[in-house]
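Have a look at the structure below before the remarks.
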Amino acid sequence: MADLVTAGIDVGTGAVKAAIVCSTGVAKTTVLGTHRERLLRRDPGRVAELAYERACQAAGLTRKDVAYVASTGDGDAVAFRDGHFYGMTTHARGATFLLPGARSVADLGALHARVMVIDEQSRVRASRMTSQCASGTGQFIENIARYLGIRLEDVGPLSRSATRAEVCSGICAVLAETDVINMVSRGIPLSEIIRGIHESIAQRLAKLLRMVRAAGPVVLTGGLAADVGLSAEIERALDEDGGPKIEVAAHPLSVQAGALGAALWSAHRLRRLQARGPDAGYLSTPT
Amino acid sequence: MKLPVAEASAVPVPGETAARGAGGGMPEGRAQGSPRVQKDVSMERQKAMLAGYFSELAHARETGLKVAYTFVPGNLTELIRAAGALGVYPEVNALQSAMRQKSDGYVREAERLGHNEDVCSYVKCDIGMLAAGNIGPTGEKLPPPDLLLLSYTGCFTFMKWFELLQKEYGCEIAMLHVPYQADGGITEDMRRYVAAQLRDEVIPKLEKVTGKKLDLDELSALLARSARAEDDLVWVLDSARNTPSPIDAYFGGVYYVGPIFTAFRGTLECEEYYQALRQEVAARLDRREGPIMPNGVLAEERFRLVVEGPPNWTHFRDFWRIFYDEGAVVVASTYTKVGGLYDDGFRHGRAEDPLLSLADYCLGCYTNRSLPARVDLLASYVRDFHADGFVINSLKSCNSFSVGQLVMMREVEKKTGVPGGFIETDLVDPRYYSQANIKNRIESYLQMIAQRKGRA
Amino acid sequence: MEAEAIVRRCEALYADLSLGSVREWKAAHPGRPAVGLLPVYVPREIVHAAGALPVSLLGGGDQIDIVKGDASFQSYICHLPRSMVELSLTGRLDALDGFVFPSTCDVIRNLSGIFQMTTRGKYIRYLDLPQAMDEGTGGAFYRRDLVALAAEIARLAGREAPGDEALAESIRRYDRNRRAIAALWAVRAGAPWLVALDETYLLMRAGAVLPVEAHTELVEAYTAAVAGRARKPEDRIRVVVVGAFCEQPPLGLLRTLERSGCYVVDDDLFLGARWVEGDVLALEEGRGSVAEESAAPVDGPKGGPHGPPGSDGGGDPYGALARAYIGKSLVASTRYQPDGRRGEDLVRRVRALKADGVVFAAPSFCDPALLDQPPLQKSLSEANIPFITFKYAENTGQFQSIREQAGTFSDSIKLWGEA
Amino acid sequence: MALFVGVDLGSTTSKAVVLDEGERVLGRGLTNTRSNYDVAAAVARVEALDDARFTLLERALSVGQGARAAELIRALRRAWVVAHCVERLGALGERVVELSGKNGSGKDARAVEQLFAGIEADADAAFGPLSDDRSRFFRDLASARFFADATAAAQEQRLAYDVAASAFDQAIVEVENGEEPSGVDRRLSRALDRAGLAAADRDGIEQAWGRLDGALEVATYVGTGYGRQRLPFPKEQIRSEILCHGLGAHALYPKTRTVLDIGGQDTKAIQLDENGLVQNFQMNDRCAAGCGRYLGYIAEEMNLGLHELGPLALQATRAVKISSTCTVFAGVELRELLALGERRENILLGLHRAILLRAMSLLSRSGGVFEELTFTGGVAKNAAVVHELKSLVAEHYGDRTLNIHPDSIYTGALGAALFAHRGGGEMPVPARGKRAPAIARTGG
Ligand SMILES: Nc1ncnc2c1ncn2[C@@H]1O[C@H](COP(=O)(O)OP(=O)(O)O)[C@@H](O)[C@H]1O
Ligand SMILES: Nc1ncnc2c1ncn2[C@@H]1O[C@H](COP(=O)(O)OP(=O)(O)O)[C@@H](O)[C@H]1O
Ligand code: SF4
Ligand code: SF4
Ligand code: SF4
């Protein structure tokens, strides 16, 4: 089979991720380059351009070298895409690529959390998403971090350094901000506050994972996968809830899982298209 | 439905049980450092009664007694007893779990099993408790039901709750459909429908599981005993018409209705409990003493309030404290009428036939009343008990109580000219209780009432 | 008529929150009342026979600003009662002379009290549908209540209570309507690409306000018209939608579902219109009436499903409606259903329709729908049938997460299904 | 002279009002509430007292100088503000440079240093205009300017945007929470330096100032607001926001019968009697959807200043229907609608309308809208909200007078100050300068 170079662009609510892969069939797929560009209140369309450009640079390629570009997430922002895949489909694919034994995926983004149970072919067997209320998501952690003046990268280590957690009521993301202010005013150390927030988010996620009857190992994907404080709390919440043991794992490229998945599906799709002619009608079409 | 209370095991002493459950509630929600909780003498007595009962239940298997699970509102305890079985009240178990800070874990467990965060937390607490081994409030295991007596009275969730339990236990289930008093009264047709179901559905199933024929005379005797306890309870609740009131008819009231709304209806113990309670309250009244609150006898009655809606159980004492600190006494509450409402003169055994008496009782309980009827009742409490205000504690869990409470508030305001206060909590899910928030509202409300009183 | 034209007509009826068509009907039928029926099920035959126009009310959808409604309900109560109160207090329900509130759930129950207090001078009726699923007790109680209901509505219309013949005639008309709908459902199950979910839904919704005869015609015309559509099947999965029987999802949500790769071959949207399976009167062949006296306190003859054959042979239409309720209702979340039969029923339905999976779509805070989910999902899992779950409100405006979920669901079934 | 001070410690902004014995407003102070309530309350109080000093100073000077006094004082006030900002900017710059060096490279640190030098040189433009529709918070002014400059620098590849941005976010919190106003006299001399007044004017001011200071004596403080429990006042000196907003609104408009207050995290509907006593009130429930913070998120999402939202929304041709007012999801809804091709202005108007719909529900819960309605709280500054409120009130309640005071954000603090005066003068003055711990840190 000929080598195929494909790209995936994952447009989230917090950042755009772009990944470029080269595949010769699933087994020999290599990642050529990735890039994550935070939106930071910029136009997603322009950030997508930028992220793609940077990923190409990282891969040492130009846009001409890429045979197929697929979007995922908020795909409408990607004007230059060739196709689109749904978010959970791509995260599942990305997760199995990063950790071939993955049986469940928890995608933790800026405004949503979703969990999936997958099979060895990365097919999604069951899934759940958090609902309309944004209590306890990445954006929430980001706001709190900004409010407290902590760098996002320091959030995880800070949480790990705490010896106890300050319980946070965790109903409304906005009111919780006030809770946090109250805590600071009471002189509670930041590390314990952050740990408390992690604990409450982790418990929600553990609940979601149990609801879909997740099995291990669970791969964390999305931006929050980089938060070691959260992943440790998730593992602990799962240990303590009395359910069957589940391992939790993250990969340095976890944040790119959606983009990788989209790139991988692109190769699959392209081969199908090449094999079947233009009328495949096979994968979901862009919406 | 939710119900009363004397904690069967240790009464949670703030500080002692303040050990945090896994992540529940706001930290400032726990009252701090009060050394000893003050209690009525009757409360100790009730505690002993409950402990004895749960032990009886734990040994039901050995003693061969059959067990019927059923609900508190309009409960058929005398019938269960007359059939020779023991009653278990999942709502009471749930609230007991909450008072012992266990409900948080149970609710979470049920949610993990797929139950939605939107639905009644009593159900989830019960399901969670079941999953955790069905350990009752005294630490002894509860027996599984031989019969689920689904007295469908005033709450839709009851039906789903027992359907779920039946799937779990695969035991007998008897449905008793109690029609709603939509037009503010009980018709002959409703009574007969309920009595017919008792005769054709409930009694045969009870007899089937116990293997014994029901003795109607025994039932009548039990009902007569209930009626005497009912008289004393009514006297106690009415004592709050005095100023100062010798009782708190909400926070204290939930204890007072404990025996009669649950397993003890119709027993001698129950009758004696209410005699003793009446004497205790009469003595306080003679001394012109206020109610005993967790922090001691209330020194000055600054506000007289009526409360609608059940309390929050996970932070019961903290919740009470907010009122206590402001000198607010609850002089009447609707929650102490969920098990049965005696205001219109209903007493057991007055009907021409024991089954009709049971039917009247089921049909009459508070949540089976229409909204306009509930408004009238609240307005009459505000007037008759000389209240300065009324507070609605709206529960996220409970559609039966909560839907329409905002409209009720406006209607009661219109009828009485007294403004209402509105707070929101939950029964046994600590995540929906915020001490700071509730305190803010109650304080603001009472400051407003004080301003109005000051001018008058 | 062309299918598209029919759908446009239905959509106009759907969008008219002020019930213009009901006003027109009343103008054309002086002196005759219109009665609003809340979800889920009220026997419209009774209203029809009593001379009134039955109008099913299903909330306000996503096109109404809620002010007074939100003033009346806390945030943890479903959306339907808010829009009902809003519609009522803003005069949009003025064309109605009365309201019937069935015993669907505690929300609808308490809403009846709110209407008692806020809509003075109108007929407000609570209909306590029996939960004792036995003809002798529940059936008899219900039959007596139906007789009373018919008499009360007839009084609104200034008429005598409808006799058996009048009611039987009304039932026959609704039986015809049920048959027309069943035929449409057969098309959905057999060739779902010929119809679209939003279309069938709008068609059903037209039945909420139109006289039954007109609605039956419309359904028949649409069913005939779509048969001629030149459409190819697309590669989509077949799903059954469960949980949307009361508060209705917005059209955008229905469209999103299909656009993200699903054919909805069965649903429980506006379930009340399809509540009885089959004909009500056909049931009557050789059946007795529900015994009148059977609920007397201690003795008296017992009726029941195995009661003696009656001599009136279908001459007791009130009893027929009661029996249909007890014995021929769809399995619904608002009815008592012990012994795990809910799960069995759903699995059977999915299999019969050759559906690939189930979409649980319940209104937020809807106790009847949400409390049923765990056992239903357990039954599906045991039968190896996949499902997804989400919540909505009638005014939900964000469909992205639904699109993601439904899209992934369809991907996961079709991508690997053929591999 | 005895002063009466009301402090309103809100969730978003902290306000203070100073009254004299005749209940005339002498001064007002406003600052953003930060993660340290105690500092926020102290800053608001100090600002209000400074403001009172200016009022008195102007009175003193106008005796001799007439109208010119007003001009002088205006210049001085402006210089005062800018000087204060520059002082804070210095501390901020130092810290951002340090952090940028630590997390990024030496190049980043140097670039940041240059940025700050540029802002300082331009301080009069960056911090000077005391226009009412613009945020006057140092945080907002500094960050608006900094982010604009940093974006430009990043474009030219002179700076890693990420590094600078997060260094700024961290530093601003530290600087704000650690803030300790320098002594009054120092502040005066700095302002005088900056104002560049003629020597004679300067002398006159200094003399008048000297006479002033002894005359100022705070008799009583009363606190209110979301964070009132944190104020170092005894219980008798704490009043609920409801009572304070009621009394404040009554003082501004004695015929007020209904008050609507939309703050950062809560919305309140209050009914008053003819004496300003509260008859009934309702607050939003547990969810913060549709409060002022919601507009904050929207403004952030659109990269606009809060004050720009209203005017933009008013350019709409119609209001897009908005279903969810979840504060946190506001941005997503906005983006989804933009993607569907809706005009930005129309969406904005829809968002504003959604807020008002919630407020209308609360008004309805509390009993309705009676003659006259006074709209208070920070959100009353938003023209689109006011516009929608007018039309919704007209639609639901008919013709009603709607009062909006330019100082509506101070209504709660005004009410508190009135309570301070009316509650009698003998209450103890809170211990000054009780400093809260700086943000405690473990680890990083
Ligand atoms: N190093 C990190 N430590 C902690 N959280 C992080 C880190 N990096 C990113 N995040 C979190 O990840 C979120 C963004 O995740 P992402 O998956 O990119 O979101 P989306 O796909 O929704 O845009 C941010 O809100 C942020 O909270
Ligand atoms: N200049 C302005 N233009 C428009 N809105 C403003 C302006 N200033 C403040 N606001 C709004 O006012 C809100 C704060 O109101 P405020 O009454 O101070 O709240 P709180 O008392 O809760 O702190 C902010 O969230 C913001 O939405
Ligand atoms: S509770 Fe908070 S996070 Fe949740 S919907 Fe409301 S505003 Fe949004
Ligand atoms: S909904 Fe209310 S009445 Fe029903 S079980 Fe729950 S708490 Fe009890
Ligand atoms: S949506 Fe559900 S809870 Fe709401 S009224 Fe309908 S059945 Fe009841």
Side-chain angles (χ1 to χ4, degrees), chain B residues 110 113-116 118-120 123 127 150 152 154-157 159-164 166-167 173 175-177 179-180 182-183 189-193 195-197 199-201 353 355-356 367 370-375 394 396-408 410-411 424, chain C residues 71-77 81 85 101 103-107 109-114 116-118 124-126 128 130-134 136-138 140-141 144-145 294-298 302 333-334 336-340 342-343 362 364-368 370-375 377-378 391:
Chain B
L113 293 171
H115 290 272
N116 203 283
D118 291 355
V119 305
C120 171
V123 181
I127 300 274
L150 203 184
Y152 179 64
C155 169
F156 178 87
T157 303
M159 185 171 92
K160 295 285 158 186
W161 190 342
F162 272 16
E163 278 185 16
L164 289 169
Q166 200 223 3
K167 204 166 153 85
I173 183 165
M175 158 62 99
L176 175 70
H177 175 206
Y180 182 60
D183 293 320
D189 217 23
M190 294 176 182
R191 300 176 81 205
R192 283 169 190 279
Y193 173 41
Q197 293 177 76
R199 184 198 59 205
D200 295 348
E201 164 86 358
D353 152 340
L355 293 191
L356 285 174
T367 43
S370 70
L371 251 45
R374 284 169 64 190
V375 165
S394 172
K396 172 187 172 281
S397 266
C398 183
N399 281 348
S400 176
F401 255 101
S402 305
V403 175
Q405 277 176 328
L406 285 161
V407 180
M408 285 172 61
R410 282 199 295 274
E411 295 291 321
E424 295 171 283
Chain C
S72 307
F73 300 98
Q74 304 88 317
S75 55
Y76 38 77
I77 290 165
V85 163
F101 295 79
S103 53
T104 296
C105 65
D106 294 337
V107 177
R109 184 194 75 181
N110 289 8
L111 188 62
S112 73
I114 293 177
Q116 282 173 344
M117 294 188 286
T118 56
I124 307 288
R125 177 58 142 86
Y126 185 71
D128 218 329
Q131 295 291 3
M133 290 300 166
D134 172 272
T137 50
F141 171 75
R144 286 194 298 272
D145 208 18
S294 63
V298 177
K302 281 198 187 182
S333 289
T334 56
Y336 176 53
Q337 195 68 265
D339 305 320
R342 293 183 192 287
S364 293
F365 304 105
C366 174
D367 278 3
L370 293 173
L371 283 161
D372 268 357
Q373 277 181 3
Q377 294 177 344
K378 196 155 172 243
K391 291 188 284 192

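Letters A, B, ... are given to chains in the order of the sequence lines, protein chains preceding strands, and every chain is numbered from 1. Computed from a predicted structure; not experimentally measured.
- Side-chain N or O atoms of B/Glu163 include one that pairs as donor or acceptor with a backbone N or O of C/Gln337 at under 3.5 Å.
- The backbone N or O of C/Asp372 sits nowhere less than 3.5 Å from a side-chain atom of C/Gln377 that would complete a donor-acceptor pair.
- Both the backbone and the side chain of C/Ala71 come within contact range of chain B, with heavy atoms under 4.5 Å apart.
- The parts of B/Gln197 that come within reach of chain C are both its backbone and its side chain, each placing non-hydrogen atoms under 4.5 angstrom from that chain.
- In terms of modelled atom types and a separation under 3.5 Å, the side chain of B/Ser400 and the main chain of B/Gly154 share a donor-acceptor contact.
- With a 4.5 angstrom heavy-atom cutoff, B/Arg410 touches chain C only via side-chain atoms.
- Most heavy-atom pairs under 4.5 Å with chain C, from the set B/Lys167, B/Gln405, B/Lys396, B/Met408: that is B/Lys396.
- Looking only at heavy-atom pairs under 4.5 Å with chain B, the residue among C/Asp367, C/Asp145, C/Val85, C/Leu111 that has the most is C/Asp367.
- Counting heavy-atom pairs under 4.5 Å between each of C/Phe365, C/Phe101, C/Tyr126 and chain B puts C/Phe365 at the top.
- Using a 4.5 Å cut-off between heavy atoms, C/Gln116 contacts chain B through its side chain alone, with no backbone atom that close.
- Side chain of B/Asn116 to main chain of B/Val119: no donor-acceptor pair is present (N/O by atom type, distance under 3.5 Å, no hydrogens or angles).
- In this structure, C/Tyr336 has its ring center at least 6.0 angstrom away from the ring center of B/His177.
- For B/Leu176, no part lies near chain C; criterion is any non-hydrogen pair under 4.5 Å.
- One N or O on the side chain of C/Asp128 and one on the backbone of B/Tyr180 form a donor-acceptor pair closer than 3.5 Å.
- At least one side-chain heavy atom of B/Ile173 sits less than 4.5 Å from a side-chain heavy atom of B/Leu150.
- Contact tally against chain B (heavy-atom pairs below 4.5 Å) for C/Gly113, C/Pro374, C/Ser103: the top residue is C/Pro374.
- Only the side chain of B/Ser370 comes within contact range of chain C, with at least one heavy atom under 4.5 Å from a heavy atom of that chain.
- The greatest number of non-hydrogen atom pairs below 4.5 Å with chain B, out of C/Ser112, C/Gly340, C/Ala362, C/Ser333, is found for C/Ser333.
- The most heavy-atom pairs under 4.5 Å with chain C, out of B/Ala182, B/Pro179, B/Cys120, B/Pro372, come from B/Pro372.
- Residues B/Ser394 and B/Glu424 bring no donor and acceptor atom of their side chains to less than 3.5 Å of each other.
- Neither the backbone nor the side chain of C/Pro81 comes within less than 4.5 Å of any heavy atom of chain B.
- Only the side chain of C/Arg342 comes within less than 4.5 Å of a heavy atom in chain B; its backbone stays farther off.
- Looking at B/Tyr152, only its side chain comes within 4.5 Å of chain C, counting heavy atoms on both sides.
- Heavy atoms closer than 4.5 Å to chain B are found in the backbone of C/Thr104, but not in its side chain.
- Both the backbone and the side chain of C/Asp339 come within less than 4.5 Å of a heavy atom in chain B.
- B/Glu411 and B/Val375 make their closest contact through CB-CG1, 3.8 Å (heavy atoms, listed as atom of the first residue, atom of the second, distance).
- Note on C/Asp106 versus C/Arg109: salt bridge recorded, some NZ/NE/NH1/NH2 to OD/OE distance being below 4.0 Å.
- Summarising the geometry of C/Ile114 relative to B/Gly404, their closest heavy-atom pair is CD1-CA, 3.6 Å, with the distance given to 0.1 Å.
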